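See below for the structure under consideration.
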There are 2 protein chains.
Amino acid sequence: MARPRQILLTREKIVEAASALVDAEGLDALSTRRLATELGVQGPSLYNYFATKADIIDAVADAVIEQVDVSAFGRFPWAEALRRWAQSYRAVLSEHPNVVPVLAQGPGRRPASLAMAEAVYGALVDGGWSYAQATHIGALMRYLVTGSSLGSFALGFDVDPSLYEVYPHLRHAPRLAEHHEAVDEGAFELGLDLLITGLTARHEMGTR
Amino acid sequence: MARPRQILLTREKIVEAASALVDAEGLDALSTRRLATELGVQGPSLYNYFATKADIIDAVADAVIEQVDVSAFGRFPWAEALRRWAQSYRAVLSEHPNVVPVLAQGPGRRPASLAMAEAVYGALVDGGWSYAQATHIGALMRYLVTGSSLGSFALGFDVDPSLYEVYPHLRHAPRLAEHHEAVDEGAFELGLDLLITGLTARHEMGTR
DNA sequence: GCGATAAAACTTACACCGCTAGTTTAACGG
DNA sequence: CCGTTAAACTAGCGGTGTAAGTTTTATCGC
């Protein structure tokens, strides 16, 4: 086969298949050959649509960010909007935990990331924060959301029971996988509450 | 050569060389062959000391955590100790940004991580927090420290200037690399302040 | 309608990867 | 002194990302 009558690939199809593969089997399962097979194609054909594998992963990550709901920034005061945005942000990331490591690292140069940043900074500046402060607040939210979505706590805290003798407090650490997810969620809720409460207080005090 | 008169490798030497390599050239530069070359040895020889490459990386990560100063937990009230610990934690991670992705993901099953967790949970519980709350607070601190140490903001926010027309607020985002580091540091300081202030208030209110 | 051009798949191949297996040789314990 | 253990080796497997060149089809200007 060469130059089939019906085109087999599009960027969209590739991103879709890559997302499904990463969601189902993790980032490590995403190889160009494997992805191509999934699409009924040979490995190098992907390079007609993406320059590198990293570009494919970037596109997958951007597709995730696209799902985050930023509409609250138009409809609510900055604090409430921030809360709703963060909650949507985390909800989306939690549905694609295998993509979170990518989002936690690369700076978002892609369209969806830029659009999200624009919405956040815009709303905060409109709300009376300086650009510098808006940047800090946005970064903080990213730490909180990505950190609690990495699922690193959920990856298990299975410890050799003999260690409880030398580390007595760890005996009380949550052990079941379900509990670990609850830890990440609880920490996120606590952090979100503390941050927004604190920011609101500072905002009112005019210590800005 | 086979079974040299003088032993060439130890676990310590391997971890040391691996750390140096990762610090200098990043995680991707760490291959078993490359690391072995650096040690004047052939690739597979490493497997006499570590079962897998992942184990080597784990050891590198643990060596980083080992440097975090947890001594404040014995010497200060929980809030002040938490602040000092977080600052040391971040200072150490910032010196080894290429290792942070590893620390952000895997749960710390290794000795130094366990010891650190034990110190944190112990101090918080002694300070009057429940185990559940201590877990949340510890997780929160981890999000803050790892997030702000990833250097993802510092990786550059170089944006096509034409995009400033469609994303006007981004024009004001910091652009120089030095500024990006300052963003991460500023966000960390702000977050730490907000979290500890908020936690102290809750602690005093007895809403625990 | 036809020839040139561009495009979308292909095959082949390179350099590198983590890791296994089996081999050599030096050091150590009885 | 001899057998065992251990620390290096070499060879090689199956996999990776991707570059290069090939084939075939569709598209467009004349």
Side-chain angles (χ1 to χ4, degrees), chain A residues 1-62 98-99 101-102 105-106 109-110, chain B residues 1-62 98-99 101-102 105-106 109-110:
Chain A
M1 191 199 320
R3 178 64 147 125
R5 298 152 193 282
Q6 178 71 20
I7 264 190
L8 298 179
L9 297 177
T10 63
R11 282 178 68 97
E12 288 70 30
K13 279 185 194 171
I14 293 173
V15 172
E16 199 175 332
S19 298
L21 186 52
V22 169
D23 281 344
E25 305 190 33
L27 266 178
D28 290 346
L30 181 69
S31 79
T32 56
R33 285 171 176 82
R34 171 76 190 278
L35 174 57
T37 301
E38 220 88 21
L39 289 158
V41 127
Q42 298 290 55
S45 296
L46 303 172
Y47 288 86
N48 286 321
Y49 297 86
F50 290 91
T52 68
K53 180 189 172 183
D55 283 354
I56 300 178
I57 294 177
D58 265 24
V60 168
D62 208 54
N98 296 335
V99 182
V102 179
Q105 294 187 52
R109 262 178 271 244
R110 294 189 138 272
Chain B
M1 188 201 317
R3 179 65 147 123
R5 297 153 194 281
Q6 177 72 19
I7 264 191
L8 299 179
L9 297 177
T10 64
R11 283 179 66 98
E12 288 71 30
K13 279 186 194 170
I14 294 173
V15 171
E16 199 175 332
S19 298
L21 186 52
V22 169
D23 281 344
E25 305 191 32
L27 265 178
D28 290 347
L30 180 69
S31 78
T32 56
R33 286 172 174 85
R34 170 77 190 276
L35 175 57
T37 300
E38 220 87 22
L39 287 159
V41 128
Q42 298 290 57
S45 296
L46 302 173
Y47 290 86
N48 286 321
Y49 297 85
F50 290 91
T52 68
K53 180 189 173 182
D55 283 353
I56 299 178
I57 294 177
D58 265 24
V60 168
D62 208 53
N98 297 334
V99 183
V102 179
Q105 295 187 50
R109 262 178 272 245
R110 292 188 140 272

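Since we're looking at a predicted model, the values are computed, not measured.
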Please give, in whole Å, the distance from [N] [atom2] to [X] [atom1]?
| X | N | atom1 | atom2 | result |
| --- | --- | --- | --- | --- |
| A/Ile14 | C/dA8 | CD1 | P | 11 Å |
| B/Phe50 | C/dG18 | CZ | P | 15 Å |
| B/Tyr47 | C/dG18 | OH | P | 6 Å |
| B/Leu8 | C/dA26 | CG | C1' | 12 Å |
| A/Lys53 | D/dG17 | NZ | P | 4 Å |
| B/Arg34 | C/dC19 | CZ | P | 18 Å |
| A/Gln42 | D/dT23 | CD | C1' | 14 Å |
| B/Leu35 | D/dA8 | CG | P | 13 Å |

What N/O pairs connect the protein and nucleotides 2-7 of chain C at under 3.5 Å? Give each pair on its own line.
residue: C/dA7; atom: N3; partner: A/Arg3; partner atom: NE; Å: 3.1

query: Does a nitrogen or oxygen in the side chain of B/Tyr49 sit under 4.0 Å from OP1 or OP2 of D/dA8?
result: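 Answer yes for this pair, as a side-chain N or O of B/Tyr49 is under 4.0 Å from OP1 or OP2.
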
Does a side-chain heavy-atom distance below 4.5 Å link [X] with [Y]?
| X | Y | value |
| --- | --- | --- |
| A/Asp58 | A/Phe50 | no |
| B/Thr32 | B/Leu35 | no |
| B/Leu39 | B/Leu46 | yes |
| A/Asn48 | A/Leu9 | no |
| B/Val60 | B/Val99 | yes |

message: Both A/Thr10 and B/Pro44 contact DNA chain C. Which one's nearest nucleotide lies toward the 5' end?
response: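 The residue whose closest nucleotide sits nearer the 5' end is A/Thr10.
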
Along DNA chain C (nearest heavy atom to each residue), the more 5'-positioned of B/Gln6 and B/Ala51: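 On the 5' side of the pair lies B/Ala51.
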
query: Roughly how far, to the nearest 0.5 Å, is the OH atom of B/Tyr47 from the CG atom of B/Asp55?
result: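 Reported value, rounded in 0.5 Å steps: 9.5 Å.
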
field: Options C/dA9, C/dA27, D/dA26, nucleotide nearest the side-chain atoms of A/Ser45
entry: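 Selected nucleotide (nearest to the side chain): C/dA9.
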
message: Would you say that more than 12 heavy atoms from the other residues, nucleotides or ligands in this model lie under 6.0 Å from the CD of B/Glu38, or not?
response: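 Yes, CD of B/Glu38 has more than 12 neighbouring heavy atoms, counting only those of other groups under 6.0 Å.
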
- prompt: Nearest heavy-atom pair of A/Ser45 and A/Val41: which atoms, and what distance?
  reply: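 Closest approach of A/Ser45 to A/Val41, heavy atoms only: CB-CG1, 3.6 Å.
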
- prompt: Do the side chain of A/Arg33 and the base of D/dT18 come within less than 3.5 angstrom through a donor-acceptor pair of N or O atoms?
  reply: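 Per atom types, the contact qualifies.
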
Base D/dA7 paired with B/Asn48 side chain (donor-acceptor, <3.5 Å):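 Flag unset: no donor-acceptor pair detected.
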
query: salt bridge (charged side-chain N to carboxylate O under 4.0 Å, His left out) with B/Glu25: which residues, sequence neighbours excluded?
result: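 Salt bridge (charged side-chain N to carboxylate O under 4.0 Å, His left out) list for B/Glu25, sorted by chain: B/Arg34.
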
query: Got a sec? Which of residues 19-32 of chain A come in under 4.0 Å of DNA chain D, heavy atoms?
result: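 Heavy-atom contacts with DNA chain D come from A/Leu30, A/Ser31, A/Thr32.
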
